[in-house]
Amino acid sequence: MLINCVVYQEGRVLKEIDPREISDYVSRSECFVWVALRDPSETELREMQKEFGLHELAVEDARHGHQRPKIEEYGDSLFAVLHTVETNGAGELYTGELDIFVGRNYVLTARNHTERGFQDVRKRSEREPELLRHGASYVLYALMDAVVDRYFPVLDALEVELESIERQIFANKSPRANIEALYGLKQKLMTLKHTVAPLLEAVGRLFGGRVPPLCAGMSDYFRDVYDHLVRLNQTADSIREMLTTAISVNLSLITLQEGEVTKRLAAYGAMVAVPTMIGGIYGMNFQHMPELHWQFGYPLALALMFGIDALLFWRFRRAGWL
């Protein structure tokens, strides 16, 4: 579905055009065209390929989707794949994909499975005509910067969720529920990690070493995006270490709880064993047993059982086993 098709000249909006007019303006050196698509069909992609002269392999990747985050160079054009990360009402993460085709005089974006659009990026760019004069390379930076900045609230939410689970660990909550929550959080973190990590290497090629001609003069801006990615990656690594520690602590608490149960069972077993032993001895029915026919033998046996059990209970209670 077509969202926008706008021509810019000298950093300012010239006019909105019909997609069939794109080739007329792309040929002008002083203009560039910015087209935005949402969940494009194969027919729309083929039309854009014809208008912009897009590389067949890049179009193929955009059509099939589910690509790894990357930035590839095709002649004098670039093809970038970025993953968007959004949350639903239940706090679950789901990812979308933003494909960006960038040439000397055009920018084509195709977003898939992404609810939030990039109208704010377009408005921000139009408010900065001096920067928009850089043309398509600045739009590429603005889109990448917006996508990366949207990762920060997601990462902050994961940190808050981890703190909440850590409080539950020491609040005598269900250990199984804590483990499930920690592993669920770890899965979310890995989703974000797999989105951020591949971009580090890709963005690094836009400002250091051999820079694609299209990005010349924008090195400082792409370095800023790279710095944000480094911060995200480092924070994600820190959270992952904290998750590992939290899982270990939770397992240790489970072991301690099992040890407490074992001690209680052992204590009660010892208390049951004493009267069982005494009753077993006097229940053997031998004819010549001490005190077998004594008048006070039975009360004495009961008193001995209760007395020893009381002593054991006191000792176990004092040792913290009961």
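This structure is a prediction, so every number in the text was calculated from the model and none was measured.
- Using a 4.5 Å cut-off on side-chain heavy atoms (C-beta onward), Pro19 and Met48 make contact.
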Query raised in the report: Going through the distances and angles, do Ser41 and Leu45 end up as a side chain to side chain contact (heavy atoms under 4.5 Å, CB included)?
Result: CA-CA 6 Å; Ser41 65; Leu45 287 175; over 6 Å; no
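- Taking 4.0 Å as the cut-off between side-chain N and carboxylate O, Lys70 and Glu72 count as a salt-bridged pair.
- Between Val102 and Ala136, the closest heavy-atom pair is CG1-CB, 3.7 Å.
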Requested in this report: Could you please spell out the steps behind the side chain to side chain contact (heavy atoms under 4.5 Å, CB included) verdict for Leu162 and Leu185?
Outcome: CA-CA 7 Å; Leu162 175 59; Leu185 180 57; 3.5 Å; yes
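- In this structure a side-chain-to-backbone donor-acceptor pair under 3.5 Å is missing from Asp39 to Met1.
- Side chains of Asp149 and His228: a donor-acceptor N/O pair is present below 3.5 angstrom, by distance only.
- Note on ring orientation: taking the six-membered ring where Trp is involved, the planes of Phe32 and Tyr8 are parallel (angle under 30°, cut-offs 30° and 60°).
- Nearest heavy atom pair, residue Ser23 against residue Glu51, reads N-OE1, 3.1 Å.
- Val81 places none of its side-chain heavy atoms less than 4.5 Å from the side chain of Asp61.
- The minimum heavy-atom distance linking Pro153 with Arg150 is given by the pair CD-O, 3.4 Å.
- With values rounded to the nearest 0.5 angstrom, Ser219 atom OG is found 12.5 Å from Asp224 atom CG.
- To the nearest 0.5 Å, atom OG of residue Ser252 and atom CD1 of residue Ile247 are 11.5 Å apart.
- Thr84 places a side-chain N or O within 3.5 Å of a backbone atom of Gly96 that can act as its donor or acceptor partner.
- Checked for salt-bridge contact, Asp120 and Lys123 miss the test: no charged N lies under 4.0 Å from a carboxylate O.
- Between Lys188 and Glu161 there is a salt bridge, with a side-chain nitrogen of the basic residue lying less than 4.0 Å from a carboxylate oxygen of the acidic one.
- At a threshold of 4.5 Å between side-chain heavy atoms, the hydrophobic network of Ile, Leu, Val, Met, Phe, Trp and Tyr places Leu132 and Leu143 in one connected group.
- Environment of CZ in Phe152: crowded, with over 12 heavy atoms of neighbouring residues, nucleotides or ligands closer than 6.0 Å.
- For the pair Glu97 (side chain) and Gln67 (backbone), a donor-acceptor distance under 3.5 Å is present.
- A chain of hydrophobic side-chain contacts below 4.5 Å, direct or via other Ile, Leu, Val, Met, Phe, Trp or Tyr residues, connects Val203 to Tyr138.
- For Arg63 and Asp99, the salt-bridge test fails: no basic side-chain N is under 4.0 Å from an acidic carboxylate O.
- A side-chain N or O of Arg46 and one of Gln49 form a donor-acceptor pair less than 3.5 Å apart.
- Between Gln119 and Ile3, the closest side-chain pair of non-hydrogen atoms falls below 4.5 Å.
- Atom CG of residue Asp18 and atom SG of residue Cys5 lie 7.5 Å apart, to the nearest 0.5 angstrom.
- Remark: Lys50 NZ is loosely packed, at most 12 non-hydrogen atoms of other residues, nucleotides or ligands lying under 6.0 Å away.
- In the hydrophobic clustering of this structure, Leu98 groups with Tyr226; members are Ile, Leu, Val, Met, Phe, Trp, Tyr whose side-chain heavy atoms approach within less than 4.5 Å, directly or through other members.
- Atom OH of Tyr183 and atom CG of Leu243 lie 10.0 Å apart (nearest 0.5 Å).
- When ring centroids are compared, Tyr106 and Phe101 stay outside the 6.0 Å threshold.
- Here the side chains of Leu37 and Val35 are in contact, with some heavy-atom distance below 4.5 Å.
- Judged by distance alone, the side chain of Ser164 and the main-chain N or O of Val160 form no donor-acceptor pair under 3.5 Å.
- In this structure, the separation between CD on Glu166 and CG on Leu182 is 8.0 Å, given to the nearest 0.5 Å.
- Under a 3.5 Å cut-off, the side chain of Arg205 and the backbone N or O of Ile71 do form a donor-acceptor pair.
- A heavy-atom distance below 4.5 Å is found between the side chains of Ile179 and Leu251.
- Side chains of Leu78 and Cys215 form a contact here, defined as non-hydrogen atoms less than 4.5 Å apart.
- Under the salt bridge (Lys or Arg N to Asp or Glu O under 4.0 Å) criterion, Glu115 pairs with Arg38, sequence neighbours left out.
- Relative orientation of the Tyr141 and Phe222 rings is perpendicular, given thresholds of 30° and 60° on the angle between their planes.
- Panel note: side chain Glu130, backbone Glu128; no donor-acceptor pair is recorded below 3.5 Å.
- Lys193 is listed as a side-chain neighbour of Asn233, based on a closest heavy-atom distance under 4.5 Å.
- When side chains are defined from C-beta on, Leu140 does not count as touching Val107, because their heavy atoms never get closer than 4.5 Å.
- Formation of a donor-acceptor pair under 3.5 Å by the Gln187 side chain with backbone atoms of Gly184 is not found in this model.
- Nearest heavy-atom pair, Arg223 versus Asp220, reported as atom, atom and distance to 0.1 Å: NH1-OD1, 2.8 Å.
- The two residues Ala146 and Val121 come nearest to each other via the heavy atoms CB-CG2, 3.4 Å.
- Side-chain contact of Glu92 with Tyr94: a donor-acceptor pair under 3.5 Å is absent, judged by distance alone.
- Under a 3.5 Å cut-off, the side chain of Asn4 and the backbone N or O of Val6 do not form any donor-acceptor pair.
- Atom CE of Met144 sits about 15.0 Å away from atom OH of Tyr221, to the nearest 0.5 Å.
- Among residues two or more places apart in sequence or in another chain, the ring pair (Phe, Tyr, Trp, His ring centres under 6.0 Å) test is passed with Phe118 by none.
- A donor-acceptor pair under 3.5 Å links the side-chain atoms of Glu86 to the main chain of Arg116, judged by distance alone.
- Not one N or O on the side chain of Thr114 forms a donor-acceptor pair closer than 3.5 Å with the backbone of Arg111.
- The same ILVMFWY cluster, assembled from side-chain heavy atoms under 4.5 Å apart, contains both Ile239 and Val230.
- Within 6.0 Å of atom CD in Glu201, 12 or fewer heavy atoms from other residues, nucleotides or ligands are found, so the atom counts as exposed in its surroundings.
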Report task. Walk me through it: do Leu155 and Leu189 pass the test side chain to side chain contact (heavy atoms under 4.5 Å, CB included)? Result -> CA-CA 8 Å; Leu155 194 61; Leu189 184 65; 4.2 Å; yes
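- A continuous path of Ile, Leu, Val, Met, Phe, Trp and Tyr side chains, each step under 4.5 Å between heavy atoms, connects Val85 with Val225, placing both in one hydrophobic cluster.
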